[in-house]
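Reviewing the structure listed below.
All chains are named by letter (A, B, ...) in the order of the sequence lines, taking the proteins before the strands, and each is independently numbered beginning at 1.
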There are 2 protein chains.
Amino acid sequence: MLVKRFTNNWESRRSALTTHVPVPTLRRLPLYYRELKRAASQGLTHVSSKTLGERVGVPAVQVRKDMSYLDQKGRPGVGYEAQSLAAHLRDFLGLASEKQAVLVGVGNLGRALALYPGFHAYGLRIVGAFDNDLDKVGQRVGTLEILPVEALGDIVARLQVRVGIITTPADAAQDIADALVAGGIKGIWNFAPCRLAVPDGVFVKDEDLAVALAVLSHVVEQ
Amino acid sequence: MLVKRFTNNWESRRSALTTHVPVPTLRRLPLYYRELKRAASQGLTHVSSKTLGERVGVPAVQVRKDMSYLDQKGRPGVGYEAQSLAAHLRDFLGLASEKQAVLVGVGNLGRALALYPGFHAYGLRIVGAFDNDLDKVGQRVGTLEILPVEALGDIVARLQVRVGIITTPADAAQDIADALVAGGIKGIWNFAPCRLAVPDGVFVKDEDLAVALAVLSHVVEQ
DNA sequence: TAGATTGTTAATCGATTAACAATC
DNA sequence: TAGATTGTTAATCGATTAACAATC
């Protein structure tokens with residue numbers, strides 16, 4: 001069932017993505033995970049695809065189909081075991097193992113992300129914050145000292161950091177991406193409003209708030 | 001070509017969305033807009049679908065197909081007129097007219113969004129910031145005074161605010177959504193990690209950072 | 001057993017893309 | 001004109017969903 005597939009998706013590119021699971025399914029998994037944990041914390045041992053679907057906003061059959069990609073089985077007439085399914089999703093999504101990340105661009109957004117406590121639950125730990133503004137260098141965001149961007153590639157390489165978060169203006173983003181790639185980064189979470197050129201094997205997730213805003217804007221307009 | 005369509009998409013729900021344009025296309029439009037403006041500012045009068053596609057990360061034929069949904073014509077052998085196409089996209093997306101928004105939940109993320117200057121270019125103006133923490137009420141974010149959530153519904157109704165931004169914890173989000181809806185809101189940009197129940201006609205755009213993070217996490221894992 | 005629910009196949013739906021004639 | 005590029009039809013691709021037998 002292991003399928004090699006080319007993903008041309010503009011919002012999550014990677015040259016040759018080898019995976020069991022369609023990207024739309026992959027995006028639903030964290031939602032299932034969230035609701036399974038919620039159910040478990042409420043003392044429920046089992047959750048049906050119907051219930052889970054309602055809480056996440058997809059049809060029951062979609063839930064079952066998604067689970068089939070992961071080879072996760074439920075009990076007919078009963079449902080899925082909440083705890084163990086949550087644990088499987090957590091492992092599959094790689095939320096259990098801590099992943100180090102660096103954040104580049106300590107503006108308002110960068111600062112908010114650096115201070116956001118929720119990432120910890122998803123296994124992300126920001127171990128370095130960088131900025132090219134020498135006035136900011138040396139200051140702190142939370143417990144982190146802001147470092148000069150010149151040190152970026154070196155530190156990424158030395159600490160073997162896997163994830164880079166770019167919260168710089170658009171015109172700086174490509175240089176930052178290049179430095180991250182040179183340091184051996186695996187994935188980039190790009191909040192800058194531009195497309196990044198990266199080599200094969202580096203995954204880019206664009207998080208362009210303007211895109212969401214434009215869609216919202218259009219729909220609200222009339 | 002006006003088609004009534006039911007959208008069951010978990011990440012952008014609305015009961016009966018009446019539109020010319022498929023949602024995937026709609027999400028590419030702001031990217032085209034961005035690159036067309038960039039091209040125009042560099043003095044280019046025309047941009048081909050090939051060039052535009054390259055900058056946005058989609059095939060040229062995709063660009064042309066998307067433009068055909070909007071009845072936007074290019075000149076064979078020449079391309080699309082950058083200025084006028086950008087203007088059309090701006091109008092279509094409703095970026096030209098200013099839309100008022102309220103923001104609820106002035107934590108780190110809420111504060112960052114409230115201070116984010118980029119929204120202005122997309123026609124969004126945050127006219128109110130709310131929090132249920134009485135210690136925060138009366139303080140300022142930028143030029144805005146933080147107001148108590150009790151005043152939310154009333155102010156939304158009085159100012160006829162169209163957009164609500166929720167940056168509260170998950171357990172508070174539904175109550176906030178209810179208050180927004182009661183005030184007559186049209187669209188909700190929901191950063192809280194939960195699904196909101198809203199009546200037909202209210203559009204919800206979920207912006208769950210954990211979802212992006214989980215996908216990134218999975219891909220980077222191995 | 002009866003009722004609930006799963007897992008999977010096949011049908012459907014809709015977006016992407018290939019092909020190519022039309023046009024500047 | 002020749003070359004570039006558009007616009008659109010039809011083919012393809014892949015995800016969602018309906019249907020239903022299997023199972024607890």
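In a base pair of the Watson-Crick type (N1 to N3 plus N6-O4 or O6-N4) or a G-U wobble (N1-O2 and O6-N3), with each distance short of 3.5 Å, C/dC24 is matched with D/dG3. Base pairing of D/dT16: its partner is C/dA11, meeting the Watson-Crick or G-U wobble criterion (both donor-acceptor distances under 3.5 Å).
Rounded to an integer number of Å, the gap from A/Y69 OH to C/dT9 P is 12 Å. As rounded to whole Å, 16 Å separates atom C1' of C/dT6 from atom CD of A/E81. Between the CG atom of B/L70 and the P atom of D/dG7 there is a distance of 12 Å, given to the nearest Å. Between the CZ atom of B/R27 and the P atom of C/dT16 there is a distance of 10 Å, rounded to whole Å. Whole-Å rounding puts the B/M67 CE to D/dT5 C1' distance at 14 Å. Atom NE2 in B/H20 sits roughly 18 Å away from atom C1' in C/dG14 (whole-Å rounding). The distance from atom NE2 of A/H46 to atom P of C/dT6 is 11 Å, rounded to the nearest whole Å. Spacing between atom CG of A/L85 and atom C1' of C/dG7 amounts to 15 Å, rounded to whole angstrom units.
At the phosphate of C/dT5, neither OP1 nor OP2 sits under 4.0 Å from any side-chain N or O atom of A/S49. Phosphate contact (OP1/OP2 of D/dA15, side-chain N/O of A/R28, threshold under 4.0 Å): absent. Distances shown here put a side-chain N or O of A/Y80 below 4.0 Å from the OP1 or OP2 atom of C/dG7.
Comparing A/Q62 and A/R75 against DNA chain D, the residue whose closest nucleotide sits nearer the 5' end is A/Q62.
Taking the six-membered ring for Trp, B/W189 and B/F119 have ring centres closer than 6.0 Å.
Nearest nucleotide to the side chain of A/K73, out of D/dT6, C/dG7, D/dA18: C/dG7. Checked against C/dT5, C/dT8, D/dT16, the side chain of A/S68 finds its nearest nucleotide in C/dT8. Checked against D/dT17, C/dT6, D/dA15, the side chain of A/P59 finds its nearest nucleotide in D/dT17. Set against C/dT16, D/dC24, D/dA19, the side chain of A/R64 has D/dA19 as its closest nucleotide. Listed nucleotides: C/dT5, C/dA15, C/dT8. Nearest to the side chain of A/V61: C/dT8.
Between the side chains of B/Q72 and B/H88, at least one donor N or O lies within less than 3.5 Å of an accepting N or O. Side-chain contact annotation: B/T51 with B/E54, donor-acceptor N/O pair under 3.5 Å absent.
A donor-acceptor pair is defined here as one N or O able to donate and one able to accept, closer than 3.5 Å; such a pair exists between the side chain of B/Q174 and the backbone of B/A197.
Note on B/V78: only backbone sugar-phosphate atoms sit closer than 4.0 angstrom, heavy atoms only; bases stay farther off. As judged by a 4.0 angstrom heavy-atom cut-off over every strand, B/K65 is placed among the base-contacting residues.
Atom CD of B/E98 sits in a crowded spot, with more than 12 heavy atoms from other residues, nucleotides or ligands closer than 6.0 Å. A/Q100 CD: more than 12 foreign heavy atoms inside a 6.0 Å radius.
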